[in-house]
Amino acid sequence: MTQKWKYREHSGRQGKFRVGDLVQVSSYALTTEQNDRLLMCNHKDMVGLVVEINHHRSNKYPIKVNWINAKSNGEGIIKPKPPTNFFFRELKRKRS
């Protein structure tokens, strides 16, 4: 009985994430070139909720995240929206 609670089942997972997990942006995501919109946001305080995981092999960024407290840095007139689709290495679980 304790093993079922201790180990998450494999269905519905991508990497170490499941729908409903609270996540933050990892340092890997900040160093890649394709996430320039992420650098325009206040990424240190951003917390997101995994809302969907797409399991098709053709999908390069299978994890969809809704950001709860995304704010811009104030650099520029247009408020940038942070990206919503990520690869599992670009996210880390939020520690509570």
Side-chain angles (χ1 to χ4, degrees):
M1 185 73 157
T2 56
Q3 283 189 342
K4 287 184 181 180
W5 177 81
K6 188 176 179 182
Y7 300 106
R8 297 176 134 189
E9 63 263 6
H10 291 287
S11 63
R13 289 182 60 186
Q14 176 65 31
K16 57 188 171 188
F17 301 105
R18 293 182 65 180
V19 172
D21 285 345
L22 287 176
V23 293
Q24 288 181 311
V25 179
S26 70
S27 59
Y28 173 80
L30 299 174
T31 58
T32 57
E33 294 178 4
Q34 68 263 19
N35 289 332
D36 56 344
R37 284 190 309 165
L38 195 56
L39 298 175
M40 291 185 235
C41 299
N42 192 2
H43 54 81
K44 293 178 184 172
D45 297 330
M46 285 179 25
V47 176
L49 182 70
V50 176
V51 293
E52 182 182 346
I53 297 177
N54 192 344
H55 294 286
H56 298 294
R57 290 182 181 243
S58 62
N59 195 355
K60 190 172 181 180
Y61 303 105
I63 302 172
K64 184 172 183 175
V65 176
N66 279 353
W67 295 107
I68 297 169
N69 58 347
K71 297 177 183 171
S72 67
N73 278 338
E75 302 172 3
I77 300 169
I78 300 172
K79 182 177 178 181
K81 291 185 178 179
T84 57
N85 292 340
F86 291 90
F87 187 62
F88 73 94
R89 284 185 62 190
E90 297 175 328
L91 298 171
K92 63 181 179 181
R93 273 200 219 134
K94 169 76 174 147
R95 292 186 180 187
S96 53

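Hydrogens, waters and symmetry mates play no part in the numbers below; they use all other heavy atoms, side chains included. In this chain, residues are counted from 1 in sequence order.
Here the CD atom belonging to E90 is positioned 9.0 Å from the OG1 atom belonging to T31, to the nearest 0.5 angstrom.
Between L38 and M46, some side-chain heavy-atom pair lies under the 4.5 Å cut-off.
Annotation: side-chain contact (heavy atoms from CB on, under 4.5 Å) contacts of I68 (sequence neighbours excluded): L22, V47. Scanning for side-chain hydrogen bond (donor to acceptor under 3.5 Å, both in side chains) contacts around D45 gives N42, with sequence neighbours left out. Scanning for side-chain contact (heavy atoms from CB on, under 4.5 Å) contacts around N85 gives Y61, K64, with sequence neighbours left out.
With hydrogens and angles ignored, the 3.5 Å screen pairs a side-chain donor or acceptor of S26 with a backbone N or O of R89.
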| query | Between V25 and W67, does a side chain to side chain contact (heavy atoms under 4.5 Å, CB included) hold up when you go through it step by step? | reply | CA-CA 10 Å; V25 179; W67 295 107; 3.6 Å; yes
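The hydrophobic clustering, which links ILVMFWY residues whose side-chain heavy atoms are closer than 4.5 Å, places V23 and L49 apart. Using a 4.5 Å cut-off between side-chain heavy atoms of Ile, Leu, Val, Met, Phe, Trp and Tyr, with links allowed through other members, Y28 and I63 fall into different hydrophobic clusters.
Residues F88 and F17 share a closest heavy-atom pair of O-CE1, 3.4 Å.
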